[in-house]
Student: 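Below is the structure I would like to discuss, written out as structure tokens.
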Amino acid sequence: MFKEFEPRALEILAKMSLREKIGQLNQAVMPYDEASMKAFKDRLRRGEVGSIILSTSATAGNDEQKAVVVEMLNDLQRVSVEEGPQGIPLLFGRDVIHGHHTVLPIPLASACSFDPELCREAYRTVALDATSEGTNWTFSPMMDVCRDPRWGRIIEGYGEDPYLAGRMAAATVKGFQGDDLSDPDSMLACAKHYLGYGFSEGGRDYNRTEISDYTVQNVVLAPFREAVKAGVGTVMSSFNDISGEPVTSSKKYLTDILRGQLGFEGFVISDWFSVQQLIRQGIAEEYEDCAHLSINAGLDMDMADEHYSRFLEGDVLAGRVSEETIDRAVLRVICVKLAKGLFEKPYAVSKSVDRKEFVRVAERLAADSMILVKNENNTLPFPKKTSVALTGPYTFERRGLQGGWALDGYLGASTPNMEEAMREIVEGEGGGRLMCTGGRMNDDSNYIFSHSDHIVLALGESYEDTGEARSLSDISLPKAQIEMARKAKMSGKKTVGVIFCGRPVALEEIEPYLDAILIAWHGGTRAAHAAVRTVFGDYTPSGKAAVTFVRRTGHIPLYYGITCSGREVNGYYGEGASNCYTDCPASPLYPFGYGLSYTSFEYSAPTAERDEIELDALKAGEKLRFAVKVKNTGERAGKEVVQLYIRDLKASMMRPLRELKAFKKEELAPGEEREFVFEIGYESLGFYLPDGTYTVEPGRFEIYLGDRSTTTNKVDITVK
Ligand code: GLC
């Protein structure tokens, strides 16, 4: 995709001086004050900057950011194009992670929709929203597989499973980049953080990781394979090391695997100041060593710390870096700029956008991402014509609904809070009566609990406790919220806890007090409406857990894709409970793939078209077909996510007890039965050896078809 632009890029490269080439490898921080703007433009005139990051801080995700002003960007672009030495346009990068002015649910929530197509559609609106103000490159999607919810950045990825993460990453790349990357409405996407950042030890951000080649190949690399196949134009290298080797200066990861094995053609940008980090990581002795260690490994562009612009020229003259290495990196950057169409259309055209459509899509995705994890005696949906008490810290909260990394989310009326959504939907549409308090401690909730028929507790975690540099040692809800739920329970009224969270918070303590629990996530601009319409039955919940909900923090790490132990300690699947922990069950509170509906679904036993297949036939492209009948046995329509897992019972390496390999989300009418057919082949039955070789080994497999990772609904097949 990007190599096709090489001939033109080579012509441009041939005219460039060494300094101008190095300029293309430098991403400078946007100067927001007048004083430095003049000097900055002189740098553009000398061709010393290839890209500008639109951020005012190292942890842009939760810090106040300056808005993007299209006139300012076009002014800088004009200087670069019309006064720069080669007229090469700039790329403007910004963390448009899960929305611009209209904010989508956090990516972890979107993964719970199990609806890649809806995600693609939603991220297309984000591209329209952000490009209308001049940003043409986003540092998204983040696809770090993570199994430790103490890590604040678990919110930005797609959860614990490599297959689901790959599906969602590819869909998001396609949403941002569209069918034509050169379309001004399309945004250049960035697959990050390459590689293994989600395995930060102890869930402590920026920490070391210990990841074997086997786990690299089969878990953390998987989403990046899909993003590269989807044509992602850039990759961001990660802060972390992998078992003692910083990715920033690793030829193994940045060149041999990313380019040699995955065939990535775009360019790699560092993370914020991660080139300079090599000093702290004890790999570079002197400041000036960071640059050559990075670029010789395959790191093309340097974000924010200016090491490339300060040291690379000296490195080339001293022979530490060859000019071919510089040329190779510059060629990649110019090919991506050509593919983006920047040479033909360098300027952003400010245009009005259909925000109503963005809001509609945002609400649909928020609703389809929400997970009903408890619904005792069909507590939900509540009738609208009722007297309902609303309280809890998220009663009047707006900003928190958007979650971390919502740099440009409009606040105010465009982010309705729970009180407003309840007034509109319960009182306005339903003729009900709402009584609410400000969610202060329970001193003011007794009255409204006693004078209402139903209770909605708007609970959750602060978005300030999520995102970058926001790891927690305890992921349970605050005690005040548990006390509030206990009071509600004492009232004897039907109570739902609506949990606005970024992580899969530990709910063991609060769960007994709530009749129903809806995981609403930090669901974005329309989180309140999506939650209220779900609680009161306009929407039927269909989200499924993209990450395991542990009972308590001490269970971490706990994930469904575990390999089978030599002893009975597979507590995830309820095996050997007393051998796991002697003080509490080792099974999850809610397993991966789990989520309830307002209707119910019955599964037949799965069937296989054939119970064995030759390995050569698989290699030749023959497929295995499996089917399962699903019946909606309730009174209302509902969407079900039918999931297909495999288990390879014997192989040369230990394989997980379950691996998600396919899923389908479809709506069934009341009473409707539908046969779901899945075809899987060679690419689904194998695994990667530590050296990156893919293999399918003969032997027995179990194929599971069900509504969660712990389903026992299976059929056996053999690969001969
Ligand atoms: C941050 C994050 C990265 C972000 C970049 C620019 O430190 O690690 O995800 O895109 O810097 O803000």
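Predicted model, so just to flag it, every value in this text is computed and none were measured. Start at 1 and go down the list; that is how both ligands and their atoms are numbered.
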Student: Considering distance alone, does some N or O of E468 sit under 3.5 Å from an N or O of ligand 1?
Tutor: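 N/O-N/O distance under 3.5 Å: yes.
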Student: Can you classify the ring geometry of Y197 versus W151 as parallel (below 30°), tilted (30 to 60°) or perpendicular (above 60°)?
Tutor: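 If you compare the ring of Y197 with that of W151, the planes turn out perpendicular.
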Student: Please confirm whether the ring centroid of Y194 lies under 6.0 Å from the ring centroid of F224.
Tutor: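 Ring centroids of Y194 and F224 are less than 6.0 Å from each other.
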Student: For ligand 1, find out whether one of its N or O atoms is nearer than 3.5 Å to an N or O atom of R153.
Tutor: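 The answer is yes, given that R153 and ligand 1 share an N or O pair closer than 3.5 Å.
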Student: Would you call the rings of F267 and W137 parallel, tilted or perpendicular, taking 30° and 60° as the class edges?
Tutor: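 Judged by the thresholds at 30° and 60°, the geometry between F267 and W137 is perpendicular.
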Student: Does an N or O from A58, backbone or side chain, lie closer than 3.5 Å to an N or O of ligand 1?
Tutor: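 In this structure, A58 places an N or O atom under 3.5 Å from an N or O of ligand 1.
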Student: Describe, in one word, how the ring planes of Y123 and F176 are oriented to each other, choosing from parallel (under 30°), tilted (30 to 60°) and perpendicular (over 60°).
Tutor: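 Geometry flag for F176 against Y123: perpendicular rings.
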Student: Which atoms from ligand 1 have a heavy atom of F139 less than 4.0 Å away?
Tutor: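 Atoms satisfying the 4.0 Å criterion: 10 (O).
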Student: What's the separation between atom CG in N240 and atom CG in N207, rounded to the nearest 0.5 Å?
Tutor: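 Reported to 0.5 Å precision, the distance equals 9.5 Å.
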Student: Check this for me, if you would: do R124 and E121 make a salt bridge, where the nitrogen-to-carboxylate-oxygen distance has to be below 4.0 angstrom?
Tutor: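 Here R124 does not pair with E121 in a salt bridge, since their nearest N and O are not under 4.0 Å apart.
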Student: How would you list, by chain and number, every residue that makes a side chain to side chain donor-acceptor pair (under 3.5 Å) with E461, sequence neighbours excluded?
Tutor: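 With sequence neighbours excluded, E461 shows a side chain to side chain donor-acceptor pair (under 3.5 Å) to R503, given in chain and number order.
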Student: N/O of S55 under 3.5 Å from N/O of ligand 1, yes or no?
Tutor: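 There is no such contact.
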Student: Pull out every atom of ligand 1 sitting under 4.0 Å from any heavy atom of K192, numbered as shown with elements.
Tutor: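 Listed by number with element: 3 (C), 4 (C), 9 (O), 10 (O).
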Student: At the 4.0 Å heavy-atom cut-off, does F239 count as touching ligand 1?
Tutor: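 A heavy atom of F239 does come that close to ligand 1.
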Student: Once you restrict to heavy atoms under 4.0 Å, what part of M142 touches ligand 1? Side chain, backbone, both or neither.
Tutor: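 It is neither; nothing of M142 touches ligand 1.
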Student: Check this for me, if you would: do R147 and E160 make a salt bridge, where the nitrogen-to-carboxylate-oxygen distance has to be below 4.0 angstrom?
Tutor: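 No, this pair does not count.
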Student: For ligand 1, which part of I53 has a heavy atom less than 4.0 Å away: the side chain, the backbone, both, or neither?
Tutor: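 The side chain, only.
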Student: Look only at interatomic distance and state if D95 has a nitrogen or oxygen under 3.5 Å from any nitrogen or oxygen of ligand 1.
Tutor: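 N/O-N/O distance below 3.5 Å exists for this pair.
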Student: Show which atoms of ligand 1 fall inside a sub-4.0 Å distance from at least one heavy-atom site of H193.
Tutor: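 By the 4.0 Å cutoff, the relevant atoms are 3 (C), 8 (O), 9 (O).
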Student: Could you list the atoms of ligand 1 found under 4.0 angstrom from a heavy atom of W272?
Tutor: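 Reading through ligand 1 atom by atom, the close ones are 7 (O), 11 (O).
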Student: Among all protein non-hydrogen atoms, which one is nearest to atom 5 (C) of ligand 1, and what is the separation to 0.1 Å?
Tutor: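 Atom 5 (C) of ligand 1 sits closest to the protein heavy atom D271 OD1, 3.3 Å.
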Student: Listed by chain and number, what are the side chain to side chain donor-acceptor pair (under 3.5 Å) partners of H98, not counting sequence neighbours?
Tutor: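 If we apply the side chain to side chain donor-acceptor pair (under 3.5 Å) test to H98, skipping adjacent residues, there are no hits.
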Student: Touching ligand 1 at all, E156? Heavy atoms, strictly under 4.0 Å?
Tutor: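 No, E156 has no heavy atoms under 4.0 Å from ligand 1.
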